[in-house]
Student: 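Dropping the structure in here first, questions after.
Counting starts at 1 for both ligands and their atoms, in listed order. What's counted below: heavy atoms across the whole structure, side chains too, no hydrogens, waters or symmetry copies.
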Amino acid sequence: MQRKPVVIKISGNYVQPDNPALIKSYADMLRDLWVNKGIRPFVVVGGGKVARQYIDAARLNGANESFLDMLGIMVTRLNATLLATSIGSNAVLPVPSSIEDIIKLSNDPSERIVVMGGLQPGQSTNAVSAIVAEITGSNIIINASKIDGVYDKDPEKYPDAKLLREVRLSEVKELLKQQLSYAGRYELLDQISLTIAERSKIKIIIVRGDDPSNVEKALNKGFYGSIIYPD
Ligand code: UTP
């Protein structure tokens, strides 16, 4: 059976050891996509609050940004391993940690579910999700995020900020141009992820990650926060 590859990015905030029930419902949803819907999920898991705790503690003690990114990557892989273990034998373990691993796995006839974390310093797991989409030929990324979607301005600073339901990639790039990139603080989408999505015409759908069924709904063209269309 040739399953359709779909990249799903899950914020690390929803794959933390303090909420095994939520991890289980993500695992069930992913297994269901694999068993019943002809989809092969390539899942990229973020670092969430645990990554930020490590990064903040090490930053206070003088570690440089690349090292802090490495700490973040370790936590993303720990979270990814937790989710892959919860999926069981339909998922690849140990979780892949290089581009070469993903290339090999994308041609693996067992078509098992792939769950992974970060790759290298200087980017976020959103960039990883774009790279994985490019390699696997997924023309879509479902981004299960801690935010609702793309706003026309920072909703934390401006109460009148508007959620943009449908937005062009070039507009998002412009909106996020001023964003700074530090370990643990790559916001909504980093420039790397947008550049890759642009060159390979990948659509990004942002949904709230606190409920795994939002991912399924987005796949069925149901509820979503924002859709970012390639230009
Ligand atoms: P993320 O910031 O991508 O995690 O990775 P996240 O959980 O998706 O983010 P939130 O919580 O929803 O906002 C955690 C950290 O790991 C490092 C970065 O420092 C990043 O902030 N990282 C991750 C890398 O350096 N390279 C990668 O490829 C991935």
Student: Only heavy atoms of P121, strictly under 4.0 Å: list the atoms of ligand 1 that pass.
Tutor: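 Reading through ligand 1 atom by atom, the close ones are 25 (O).
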Student: Quick check: K49 and ligand 1, any N/O pair under 3.5 Å apart?
Tutor: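 No - when backbone and side-chain N and O of K49 are compared with those of ligand 1, no distance drops under 3.5 Å.
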Student: Just going by heavy-atom distances, which of A144, G118, G47, S66 is nearest to atom 6 (P) of ligand 1?
Tutor: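 The option holding the nearest heavy atom is G47.
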Student: Less than 3.5 Å apart, any donor N or O on the side chain of D190 or S193 sitting next to an acceptor on the other?
Tutor: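 Side-chain D/A pair, D190 to S193: present.
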Student: Could you tell me which atoms of ligand 1, counted from 1 in the order shown, lie closer than 4.0 angstrom to a heavy atom of V128?
Tutor: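 Those atoms are 28 (O).
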Student: Test of understanding: clusters of I, L, V, M, F, W, Y form through side-chain heavy atoms closer than 4.5 Å, transitively. Do I141 and L176 belong to the same one?
Tutor: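 Per the 4.5 Å side-chain linkage, I141 and L176 are co-clustered.
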Student: With heavy atoms under 4.0 Å as the rule, classify the contact between Q123 and ligand 1 as side chain, backbone, both or neither.
Tutor: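 Both backbone and side chain.
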Student: K162: what forms a side-chain hydrogen bond (donor to acceptor under 3.5 Å, both in side chains) with it, not counting sequence neighbours?
Tutor: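 Partners of K162 under the side-chain hydrogen bond (donor to acceptor under 3.5 Å, both in side chains) test: none.
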Student: With a 4.0 Å cut-off on N to O distance, would you call R112 and D108 a salt bridge?
Tutor: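 Answer for the salt bridge query: yes.
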Student: Are any of the N or O atoms of A51 closer than 3.5 Å to those of ligand 1?
Tutor: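 Among all N and O atoms of A51, none is under 3.5 Å from an N or O of ligand 1.
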Student: For Q120, counting its heavy atoms only, list the atoms of ligand 1 lying under 4.0 Å from any of them.
Tutor: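 Every atom of ligand 1 under 4.0 Å from some heavy atom of Q120: 24 (C), 25 (O), 26 (N), 27 (C), 28 (O).
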Student: List every atom of ligand 1 that sits less than 4.0 Å from any heavy atom of R52, numbering the atoms from 1 in the order shown and giving each element.
Tutor: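 Near R52, the atoms of ligand 1 are 10 (P), 11 (O), 13 (O).
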Student: Look only at interatomic distance and state if M70 has a nitrogen or oxygen under 3.5 Å from any nitrogen or oxygen of ligand 1.
Tutor: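 No; every N/O pair is 3.5 Å or more apart.
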Student: Looking only at side chains, do S170 and R168 share a donor and an acceptor under 3.5 Å apart?
Tutor: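 Side chains of S170 and R168: no pair found under 3.5 Å.
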Student: State whether E111 and R3 are salt-bridged, where the test is any N-O pair (Lys NZ or Arg NE/NH1/NH2 against Asp/Glu carboxylate O) under 4.0 Å.
Tutor: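 Salt bridge between E111 and R3, a charged N being under 4.0 Å from a carboxylate O: yes.
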Student: Taking both backbone and side-chain atoms of T76, is any N or O found less than 3.5 Å from an N or O belonging to ligand 1?
Tutor: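 N/O-N/O distance below 3.5 Å does not exist for this pair.
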Student: Is any side-chain N of the basic residue among K173 and D231 closer than 4.0 Å to the acidic one's carboxylate O?
Tutor: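 Looking at D231 together with K173, the answer is no, because their closest N to O distance does not fall below 4.0 Å.
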Student: For the 3.5 Å polar cut-off, considering only N or O atoms, please tell me whether I55 and ligand 1 meet it.
Tutor: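 No, since none of the N or O atoms of I55 sits under 3.5 Å from an N or O of ligand 1.
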Student: Please lay out, stage by stage, how N64 and S66 fare under the test side-chain hydrogen bond (donor to acceptor under 3.5 Å, both in side chains).
Tutor: CA-CA 6 Å; N64 65 52; S66 285; 4.6 Å; no
Student: Looking only at distances, can you tell me whether any N or O atom of N126, backbone or side chain, sits closer than 3.5 Å to an N or O atom of ligand 1?
Tutor: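 Among all N and O atoms of N126, none is under 3.5 Å from an N or O of ligand 1.
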Student: Heavy atoms only: which of V50, V44, T125, L68 is nearest to atom 1 (P) of ligand 1?
Tutor: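 Shortest heavy-atom distance from atom 1 (P) of ligand 1: T125.
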Student: Are L22 and V43 connected in the hydrophobic side-chain network, where two residues link if heavy atoms are under 4.5 Å apart?
Tutor: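 Yes; V43 is reachable from L22 via cluster members.
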Student: I'd like to check which ligand 1 atoms, numbered from 1 as shown, lie under 4.0 Å from a non-hydrogen atom of L119.
Tutor: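 Taking each heavy atom of L119 in turn, ligand 1 has 27 (C), 28 (O) under 4.0 Å.
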Student: Number the atoms of ligand 1 from 1 as they appear, then name those within less than 4.0 Å of a heavy atom of K9, with their elements.
Tutor: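 Every atom of ligand 1 under 4.0 Å from some heavy atom of K9: 8 (O).
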Student: Give the atom numbers and elements of ligand 1 that come within less than 4.0 Å of a heavy atom of G12.
Tutor: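 Result: 6 (P), 7 (O).
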Student: Would you say F42 ends up clustered with I103 if hydrophobic residues are merged whenever their side chains have heavy atoms under 4.5 Å apart, either directly or through other cluster members?
Tutor: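 As far as the 4.5 Å side-chain criterion goes, F42 and I103 are connected within one cluster.
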